[in-house]
Protein chains: 2
Amino acid sequence: MKTTRNTTAKTTILEIIKHSDVALSHTEIQTLSNNICDRVTIYRVLDRLVGEDVIHKIVNLDGTIKYASCHHVHNDAEHTHNHIHFSCEKCHLVTCLENVEPTFKLPPNYQVKEVNFTLSGFCPNCL
Amino acid sequence: MKTTRNTTAKTTILEIIKHSDVALSHTEIQTLSNNICDRVTIYRVLDRLVGEDVIHKIVNLDGTIKYASCHHVHNDAEHTHNHIHFSCEKCHLVTCLENVEPTFKLPPNYQVKEVNFTLSGFCPNCL
DNA sequence: AAATAAAACGCAACTGTGTTGCATTAATAA
DNA sequence: TTATTAATGCAACACAGTTGCGTTTTATTT
Ligand SMILES: [Mn+2]
Ligand SMILES: [Mn+2]
Ligand SMILES: [Zn+2]
Ligand SMILES: [Zn+2]
């Protein structure tokens with residue numbers, strides 16, 4: 001079976017994401033990491049971390065992708081990422097609103113596997 | 001003031017989107033339009049149609065972008081696109097669930113301008 | 001109907017993001 | 001310490017979207 005290894009790149013990148021209070025893009029992570037590794041490695045590390053459910057992926061309204069750490073309880077059985085993300089049009093910061101989980105009622109026979117809820121507008125700092 | 005004109009490209013593209021029951025990507029529109037115009041023109045027409053609130057933009061979980069027509073009442077004052085979009089992992093079709101509008105309660109001082117709610121999984125046809 | 005203004009267009013070149021193949025390096029387990 | 005293979009670096013590629021600019025087309029005015 002395929003095991004996962006703890007490398008310096010992976011450790012560094014995870015630390016960067018964990019210590020950030022906003023979601024970060026691949027490019028932002030690259031800058032913050034002082035080019036500790038090749039950009040391809042960052043892509044691969046991010047994929048691994050997402051696969052391990054340590055971080056989660058956020059798709060912005062413009063299609064850009066950001067990453068944030070998973071702060072919730074690791075109940076495993078019901079590990080979901082159904083909170084809302086807010087993307088500020090002015091400061092461009094993307095924040096996880098972990099406590100805001102939207103409710104909705106789907107028509108029958110839809111099987112949901114992943115969700116992405118993104119809002120954009122002005123954050124409290126830029127209002 | 002800057003007026004908008006009705007060109008053959010714009011008319012054709014809008015017809016394609018209106019007659020489709022699923023959301024379409026730029027590339028899909030290009031194929032369906034039989035290369036009636038340059039691909040750059042399609043980008044520009046799509047931007048214009050979004051600006052005129054005739055179609056709306058959908059961001060998928062993989063960051064790809066699709067477009068669908070606005071079927072709702074044009075009440076103008078409260079023209080919103082806060083319905084859910086479902087992206088099937090098997091048939092890859094993206095559908096507007098216009099009747100499914102999620103409810104959520106934001107912390108104070110957030111000013112929302114745009115929303116994007118996307119689910120992925122299996123649609124009724126592929127279940 | 002002809003002249004005018006500028007919105008829209010085509011083309012070519014460019015940018016940014018993410019991917020792939022393959023040889024090399026380094027983490028883990030024996 | 002050695003063996004195995006996950007992870008990396010590098011170079012090349014794919015692809016979506018953008019930009020500049022000269023030309024065409026639309027819609028308005030005369
Ligand atoms: Mn999470
Ligand atoms: Mn709409
Ligand atoms: Zn802000
Ligand atoms: Zn399907």
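Below, chains carry the letters A, B, ... as their sequence lines are ordered, and counting in each starts from 1.
B/Leu61 and A/Leu106 fall into different hydrophobic clusters, defined by Ile, Leu, Val, Met, Phe, Trp and Tyr side-chain heavy atoms under 4.5 Å apart, directly or through other members. The hydrophobic clustering, which links ILVMFWY residues whose side-chain heavy atoms are closer than 4.5 Å, places B/Leu14 and B/Val50 together.
When the P atom of C/dT17 is taken as reference, atom CG of B/Asp62 falls 17 Å away, rounded to whole Å. Distance CD1 (B/Ile42) to C1' (D/dC15): 15 Å, rounded to an integer number of Å. Across the protein-nucleic acid pair, B/Leu46 atom CG and D/dA16 atom P stand 14 Å apart, rounded to whole Å. Atom NZ of A/Lys2 is separated from atom P of D/dT5 by 12 Å (rounded to the nearest Å). When the P atom of D/dA6 is taken as reference, atom OH of A/Tyr43 falls 24 Å away, rounded to whole Å. Straight-line distance from the CG atom of A/Asp47 to the P atom of C/dG18: 10 Å, rounded to whole Å. B/Lys10 has its NZ atom 18 Å from the C1' atom of D/dT24, to the nearest Å.
The nearest heavy atom of DNA chain D to B/Thr8 and to B/Gly63 marks one nucleotide each, and the one closer to the 5' end goes with B/Gly63.
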Give me the distances for all protein-to-nucleotides 9-11 of chain D N/O pairs that come in under 3.5 Å?
unit_1	atom_1	unit_2	atom_2	d
D/dG9	OP2	A/Asp38	N	2.9
D/dG9	OP2	A/Thr41	OG1	2.5
D/dG9	N7	A/Arg44	NH2	3.0
D/dG9	O6	A/Arg44	NH2	2.8

What does the list of N/O pairs under 3.5 Å between the protein and nucleotides 27-30 of chain D look like, with a distance for each?
unit_1	atom_1	unit_2	atom_2	d
D/dA27	OP1	B/Asn6	N	3.2

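Every residue two or more places apart in sequence or in another chain that forms a salt bridge (charged side-chain N to carboxylate O under 4.0 Å, His left out) with B/Glu28 is listed here: B/Lys66. Residues that satisfy the side-chain contact (heavy atoms from CB on, under 4.5 Å) test with B/Ser20, not counting sequence neighbours, are B/Val22, B/Leu24. Remark: A/Thr103 pairs with B/Thr103 by the side-chain hydrogen bond (donor to acceptor under 3.5 Å, both in side chains) rule, at least two apart or across chains. In terms of the salt bridge (charged side-chain N to carboxylate O under 4.0 Å, His left out) criterion, residue partners of A/Lys10 (sequence neighbours excluded) are, by chain and number, A/Glu52.
Ring pair A/His83/A/His71: centre-to-centre distance not below 6.0 Å.
Rounding to the nearest 0.5 angstrom, the gap separating the CD1 atom in A/Ile55 from the CD1 atom in A/Ile13 is 8.5 Å.
Summary for the helix from C/dA1-D/dT30 to C/dA30-D/dT1: the axes at its two ends, each from 5 pairs, differ by 40° when rounded to the nearest 10 degrees.
By the 4.5 Å heavy-atom criterion applied to side chains, A/Pro102 and A/Asn82 are not counted as neighbours. B/His26 has its side chain within reach of B/Tyr43: a pair of non-hydrogen atoms, C-beta onward, lies under 4.5 Å apart.
Here C/dG18 is the nucleotide among D/dT26, D/dA6, C/dG18 with the atom lying nearest to any side-chain atom of A/Ile65.
Among residue pairs with one or both ends in residues 11-21 of chain A, none qualify as salt bridge (charged side-chain N to carboxylate O under 4.0 Å, His left out); sequence neighbours excluded.
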Under 3.5 Å, side-chain donor or acceptor atoms of residues 110-127 of chain A against the rest of the protein: list the pairs with distances, not counting sequence neighbours.
unit_1	atom_1	unit_2	atom_2	d
A/Asn116	OD1	A/Val59	N	3.3
A/Asn116	ND2	A/Val59	O	3.1
A/Asn116	ND2	A/Thr118	OG1	3.0
A/Thr118	OG1	A/Val59	O	2.9
A/Ser120	OG	A/Glu89	OE2	3.4

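Hydrophobic cluster membership of B/Ile36, counting Ile, Leu, Val, Met, Phe, Trp and Tyr whose side-chain heavy atoms lie under 4.5 Å apart directly or via other members: none, as it forms a cluster of its own. The hydrophobic cluster containing A/Val40, built from Ile/Leu/Val/Met/Phe/Trp/Tyr side-chain heavy atoms closer than 4.5 Å, comprises no other residue.
DNA chain C is contacted by no residue of residues 11-35 of chain B, taking any non-hydrogen atom closer than 4.0 Å.
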